[in-house]
Structures are given as structure tokens and as C-alpha cells.
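Remember, it's 1-based here, ligands and their atoms both numbered in the order they're listed. This structure is a prediction, so every number in the text was calculated from the model and none was measured.
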Amino acid sequence: MQRTSLFHQHNGISKKITIQTRRFVATVSTQPEKDYNNNNYHYQYADVFSLLQACKNLNQLQQLHAHLFISGFAQNAEIASKLLNIYAECGNLESARLLFDKSSRAFHQERSLGKFNKHDDNISFWNAMIREYANGRFYTETLRVYYQMQLYEGQTSNNSTLPFILKACAGLSALQEGKRVHNYIIKAGFESEVHVSAALVDMYSKCGCIEDARQVFDKMTERDVVCWTVMISGYSQNKYGEEALRIFDQMQAVGVMPNCVTVVSALTACGELGALHRGKWIHEYLVRRGFESNVFVGTALVDMYAKCGSVEFARQVFDRMPKRNVVSWSAMITGYALNGHGNEALGIFNQMQLTGVKPNSITMVSLLSACAHLRALQQGKRIHDYVIRTGLDSFVSVGTGLIDMYVKCGSVEMARQVFDKMSSRNVVSWSAMITGYGLHGYGEEALLLFSQMRQTDKKPNEITFLGVLNACSHSGQLDEGRQYFECMTKDYRITPTLKHYACMIDILARAGHFIEAQDLIKGMPFEPDICVWGSLLGACRIHHNIELGVQVAEYIFALESQNAGYYVLLSNMYATAGRWDDVAKVRVMMRARGVKKPPGYSFIEINSQVHAFLAGDRSHPQSEKIYAMLEKLTEQMKDAGYVASTNFVLQELDEDVKERMLCSHSERLAIAFGLVSTSPGIPLHITKNLRVCGDCHTATKFISKIVMREIIMRDANRFHHFKDGLCSCRDYW
Ligand code: ZN
Ligand code: ZN
């Protein structure tokens with residue numbers, strides 16, 4: 001074999017070899033063996049390795065590769081592996097793959113002729129490719145090479161390949177393939193290998209099979225920190241926070257020291273559980289061990305504190321961090337958004353941009369959720385522009401975040417535009433759009449979209465069905481509701497949760513099918529919760545079913561005696577029936593139990609400024625104009641046939657006084673302000689903290705027709721789109 005187109009030269013005691021091509025010179029120190037007979041130096045593979053190591057960039061590497069190819073070195077599997085490895089390190093997986101394809105075929109032929117490379121060397125060459133693909137997260141490619149390897153070399157994976165194959169299975173959630181690999185591991189006796197077993201635990205937990213993961217973990221006779229860590233993070237990823245923390249304690253009890261990754265997983269578990277006390281305890285431990293300055297640990301702390309509702313602590317940790325990456329910034333933004341501090345979230349985003357850290361898709365999703373929470377449509381639109389400019393809108397998660405933001409800010413049309421423009425959609429995107437339609441009372445659109453989804457390869461999940469059932473309930477579609485509730489279990493084998501039952505009960509009760517609803521409650525495998533009883537009570541009010549209503553109210557007050565909303569519902573029911581004694585009794589009951597009706601308020605965003613109104617509020621600077629507008633509207637409404645339905649007022653008062661009280665409900669003040677401060681034709685977006693009252697609902701229908709405006713109102717339950725004297729909820733709410 002030709003070995004020496006490499007030059008050498010003496011340089012004092014150490015010697016250097018130089019490889020020279022037209023454009024590239026690499027020099028490394030070496031100790032070549034002198035062949036005294038020929039007065040020549042023989043270079044060893046070690047020298048070539050050093051040369052490869054010395055390559056600084058792709059260009060140099062390609063030159064050296066060409067050289068090694070000519071000189072025959074590249075036919076050695078070990079050197080080929082190293083070359084492949086360095087190509088991958090330079091980020092050029094395609095060249096690595098080209099080299100791999102060429103060489104693996106050659107090696108196979110040579111081996112069948114019984115020459116050149118040892119079998120083990122060939123295996124390590126395959127392994128090198130598998131490892132690079134797995135590390136580069138090209139999981140499909142990883143498995144493809146793995147199958148190819150079995151074809152060429154037989155089932156010869158060893159303990160250093162298997163963890164990477166399992167990593168690929170985990171990344172693809174390819175449970176069946178993972179199980180096949182597990183069988184092979186048992187047969188080949190690799191189960192006792194610590195890292196193989198750790199990879200198995202990781203694979204099972206990433207595929208959502210936490211029990212299988214635990215079985216593998218329990219069988220291990222020896223466990224290092226990596227094993228403990230994968231089990232802890234497995235539990236915390238699968239939302240078994242308690243178990244995660246239990247294993248974390250066990251690990252320390254047997255004297256294994258956690259590393260940064262372990263601690264990050266434990267913190268995630270604390271955040272998931274809202275276990276602030278445990279989280280603080282781990283924080284102190286981190287400070288003692290000097291881990292706090294680690295950027296991943298710092299970020300996990302921010303995330304934990306935010307999820308535990310302690311956004312001030314999160315901010316303190318964030319401010320102390322010596323280094324912050326995009327994940328840290330995003331965690332802080334999410335933290336603010338999660339805790340309802342939308343303005344602070346937007347503020348942190350501005351600060352982030354000043355520091356030059358580039359936001360990623362996660363940052364955008366957090367920001368969009370902040371806007372959704374604030375119902376800040378104009379801000380949300382600005383972020384929409386930003387993601388288009390930066391190309392981040394190509395991420396499915398960002399598109400889905402946009403849909404969610406537009407839906408929650410009341411613009412279902414914009415949500416649909418985003419949905420239609422998405423180049424790819426996952427089940428979350430479909431579910432968000434379907435749920436959005438339902439929330440706005442567009443039941444038919446929701447069901448149409450659902451049937452379109454069923455024609456794609458995307459499988460609806462339990463959240464999709466919740467959206468579908470919600471849509472049926474919000475638009476009063478009884479038959480469809482029944483049909484989809486059945487289809488969910490029959491066709492998709494999804495076990496209904498309490499929430500699904502609550503929706504179905506709501507659908508039945510709203511349609512007046514009280515007996516069927518009660519039967520469903522009796523037959524369900526859960527104890528009915530406040531949502532179930534609450535929707536039943538709401539339906540009793542719509543259908544004037546006082547007898548059942550009173551009974552249901554008792555169940556509700558036994559579960560939760562402090563929510564004023566249910567007392568109001570009951571009281572409204574009595575009022576409608578003219579049973580003023582009972583209305584008074586409800587009031588006495590509320591007083592005796594210390595229940596206070598939270599003040600109803602409404603707000604409206606005008607030019608990115610939020611204006612809030614309480615009932616009867618006269619504190620707004622433009623109060624005079626607002627009340628003048630209200631008076632004018634009331635006249636016009638009466639001319640159009642509006643009669644105030646005064647039984648929505650709790651107290652027994654003169655009709656006259658009651659009417660005036662209704663007129664100054666917070667939602668009407670917000671509408672009037674919207675009308676005096678925007679140009680004709682512009683839709684008004686109003687948010688109310690409680691349910692919209694029946695009389696204001698009727699009034700708003702009239703107003704929408706009189707002033708020829710669309711009025712979109714979000715109350716505590718749903719959206720109402722008022723247009724041309726009608727509401728999208730068809731008076732079902
Ligand atoms: Zn009202
Ligand atoms: Zn409505």
C-alpha cells in the first residue's frame with residue numbers, strides 16, 4: 001500500500017510531518033519510525049489521525065480526504081470512521097453520507113473477498129454513521145442506516161450503537177421499533193449494560209410508556225447518575241411530578257450526586273406540581289453546589305418559579321443570571337404570560353431584542369399567549385407582522401399560537417386566514433381552529449372543519465373532541481353532539497374524560513333533555529364536579545326548570561359555597577318566576593355564607609389602551625359623552641321595540657329604578673365608549689369578567705343593528721358576535 005506522499009522534516013527533537021496539497025498545508029508533531037535500511041520514515045495511522053484532527057474547516061478536510069483517497073488511507077475503516085466523524089463535526093452530514101455510502105459498499109465487497117478490514121472495524125464504521133445521524137437528530141436516517149447495517153453485516157449492533165438507535169426510536173416515538181430493539185438487547189445479553197438500559201428507560205418514557213420505563217429501571221442492578229436522571233426526567237416529562245421527586249430523593253439517599261441535568265428535571269417536576277417549597281429547597285441546594293450560574297439550571301429555576309406562580313422570584317433569578325440564552329428569555333416571557341402579566345411579557349421581549357438575542361419559535365409562542373391572555377388584538381397583530389418578517393411563521397407551533405391568539409382576541413376570521421396559510425398543520429393546529437369556532441358559536445364551521453380533518457392523516461385526539469363537543473354545545477346541535485360523543489369511543493378508542501361528559505351533559509340539558517342528562521351523570525365513571533352541575537343549572541334557567549334547578553343548586557353549594565355566580569343563576573331563576581321571597585332567601589343565604597358578588601366589569605381596547613368600566617361607573621374622563629350616547633341609544637332601542645327585562649336585577653325595586661340600573665351595566669358603558677371613540681363601521685371588541693346578563697345581551701343585539709356595527713363580546717363563558725340584531729350564540733349561553 002502506498003503510504004508516503006506525506007512529507008516529513010526534522011525540527012529539533014520533535015519531528016513534524018506535513019501534508020501538502022495545492023491549497024492546503026497541515027503540520028502536526030509526530031514520532032515517525034525510521035526505516036534505516038531505506039533511510040525513509042514510515043507513517044503510522046496515528047499520524048493520519050493527528051492530521052485529521054488538525055483540519056480546521058471543511059475545505060481543508062476535503063483536500064485531505066482527496067489526498068487520503070489517492071494514498072489509500074481512506075480504505076481503512078478506522079480512518080474512514082474518523083473522516084466521517086469530522087465531516088459531521090464540520091456540520092456536513094451530506095459529505096459524511098457520501099463517504100459512507102461509497103466506503104460501506106467497498107468494505108462489504110472486500111470483506112466477502114476476505115481482505116483488508118476486520119469485521120469489528122467495519123461495525124465501528126457503521127456505528128460512526130449511526131451516531132452522527134442520531135446526534136444530528138436525523139432519526140429517520142439513523143434507523144435507515146441501522147436497517148442497512150443489518151442487511152450487510154447481520155444483526156451485529158453492539159452496546160455502543162444501541163443507545164443511539166434507541167435515541168432515534170425515542171425521537172420518532174417509534175415504540176414498535178424500540179420494542180424490537182429491546183428484544184434484541186435481551187437476547188444478546190446487553191441488558192446489564194448501564195448505558196443500554198438507560199437508553200431503554202429514555203426510549204420508553206419518551207414514547208409515553210412510563211410503566212415499561214420503570215420496569216427496565218427496576219431491573220437494573222447498577223445505576224449511575226445518568227440512569228437516575230433519565231428516570232426522573234421520564235417521570236417529569238410524562239407529568240408524574242410526584243414520582244419524579246420521589247426518585248430524586250431515592251437517588252440522593254443511596255449517595256448518587258445529581259448533576260445539572262438531574263436538577264433541571266427535578267425543577268421541571270416542581271413546576272408541574274406547583275411545589276414551590278420543594279423548588280426553593282432544590283434552589284438552595286443548587287446555590288450551595290455552585291450550579292446556579294449554569295444557564296440551563298438558571299432557566300429551569302425561572303421556569304419553576306413562574307409555574308409555581310411566583311413570578312417575582314423568577315425575575316430575581318433571571319436578573320442574577322450571568323448569561324442568558326434564547327431559552328432563558330423565553331422562559332421569563334412565558335412566566336409573565338402564564339401569570340397574567342402580559343405587559344411585562346411584552347416588555348421583556350423588547351429588552352431581549354435590545355440585547356441582540358434572536359427570538360425563536362418558543363419565544364413567539366409565549367408572546368402570542370401573553371397577547372391572548374391580555375386580549376390585546378393590536379399587539380398580537382404586531383407580533384404577527386414580526387413573525388412574518390422573520391420567517392418564524394413557518395413553524396407549526398407559531399401558526400397554532402397565532403390561531404389561538406386571534407381566537408381569544410375575538411377575531412375568528414383572522415384565525416382562519418392563518419390556518420389556511422399554514423403549509424403544514426398538526427393535530428394541535430386543527431384542534432385550535434375547531435375549538436375557536438366552537439368558542440365563537442360557529443358550530444357548523446367547526447363540524448365542517450372537523451370532517452375535513454378526518455379526511456387527512458391527522459388523527460383527532462381528546463382535545464379535538466372536546467372542541468367538537470364544545471362547538472355542539474355552544475351552537476345547540478344535539479344530534480351531532482350525541483353522534484360525536486359515540487364516535488369518539490367507537491371509532492377512535494378515546495376514553496371520555498370528565499370534561500367530555502360535562503360537555504355532553506351540557507348539550508343534552510340545553511336542549512331540554514334533562515332526564516337523559518341525569519342518566520348520563522348517573523352512568524359516568526366519575527363523581528360529577530362543579531362544571532357538570534353548573535351547566536345543568538344554567539340549562540335549568542334557560543328552560544325555567546325551577547324544581548331541578550333548586551336541587552342542583554344544593555349539590556353545587558355543597559361542593560363550592562363561595563362562587564357568587566351560581567347564587568345569581570338561582571336567584572335569576574326565581575326572579576323570572578316572580579318568586580321574590582325566594583330571591584330574598586338566596587340573598588340571605590349569600591350573606592350568611594359570606595359570599596360576595598365580584599363586581600362586574602368590562603373592558604375595551606382602543607389604540608392599544610385598555611379602558612375598564614364598572615357598573616354605574618362615572619370615573620372615566622369622557623363619562624358625560626358616554627352617558628349621553630347611552631341615553632340616545634336607549635331611545636332608539638325603545639323605538640325599535642326593545643323592552644327592558646327587569647327580572648335580571650337582583651333587588652326588588654321599582655321597575656323604573658331597575659331599568660336605569662340595567663342601562664348602566666359595565667358592558668353597555670364599554671360599548672358606548674367604543675362608539676364615541678371610533679369611526680363608524682369599526683367592530684368593537686369588549687371583554688366582560690362575568691357572564692353577560694340577559695338584558696344586556698338583548699340590548700346589544702338592538703345596538704348592533706341601530707349603529708350598524710359588529711360587536712364582539714367575550715364573557716366568562718364564550719364569545720358573542722352581535723351583528724344585524726342577532727348574536728352568534730343564538731341566545732344559547
Ligand atoms: Zn346587563
Ligand atoms: Zn350571544
(request) May I ask you to check whether H665 brings an N, O or S atom to under 2.8 Å from the Zn ion (ligand 1)? (result)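 H665 does place an N, O or S atom closer than 2.8 Å to the Zn ion (ligand 1).
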(message) Between Y501 and F485, is the ring-ring contact (aromatic ring centres under 6.0 Å, His included) condition met? List the steps.
(response) CA-CA 9 Å; Y501 276 104; F485 191 70; 5.5 Å; yes
(request) Quick one: pull up OG1 in T700 and CD1 in I711 and give me the separation to the nearest 0.5 Å. (result)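 T700 OG1 to I711 CD1: 6.0 Å, rounded to 0.5 Å.
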(request) May I have the angle between C696 SG and C693 SG with its vertex at the Zn ion (ligand 1), rounded to 10°? (result)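 With the Zn ion (ligand 1) as the vertex, SG (C696) and SG (C693) sit 120° apart.
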(message) Restricting to salt bridge (charged side-chain N to carboxylate O under 4.0 Å, His left out), what partner residues turn up for D724, sequence neighbours left out?
(response)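 Salt bridge (charged side-chain N to carboxylate O under 4.0 Å, His left out) check on D724 returns nothing, list empty.
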(message) According to ring pair (Phe, Tyr, Trp, His ring centres under 6.0 Å), who are the partners of F395, at least two apart in sequence or on a separate chain?
(response)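 Listed in chain order: nothing, the list is empty.
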(request) Could you grab the angle centred on the Zn ion (ligand 2), going from SG in C727 to NE2 in H697, to 10°? (result)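 About 110°, to the nearest ten degrees.
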(message) Is the ring pair F719/H721 parallel, tilted or perpendicular, if the boundaries are 30 and 60 degrees?
(response)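 It falls in the tilted class, 30° to 60°.
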(request) For the Zn ion (ligand 2), find the closest N/O/S atom on H720 and give its atom name. (result)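 Relative to the Zn ion (ligand 2), the closest nitrogen, oxygen or sulfur of H720 carries the name ND1.
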(request) Answer yes or no for H721: is there an N/O/S atom below the 2.8 Å cut-off from the Zn ion (ligand 2)? (result)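 Given the 2.8 Å cut-off, H721 does not count as a ligand of the Zn ion (ligand 2).
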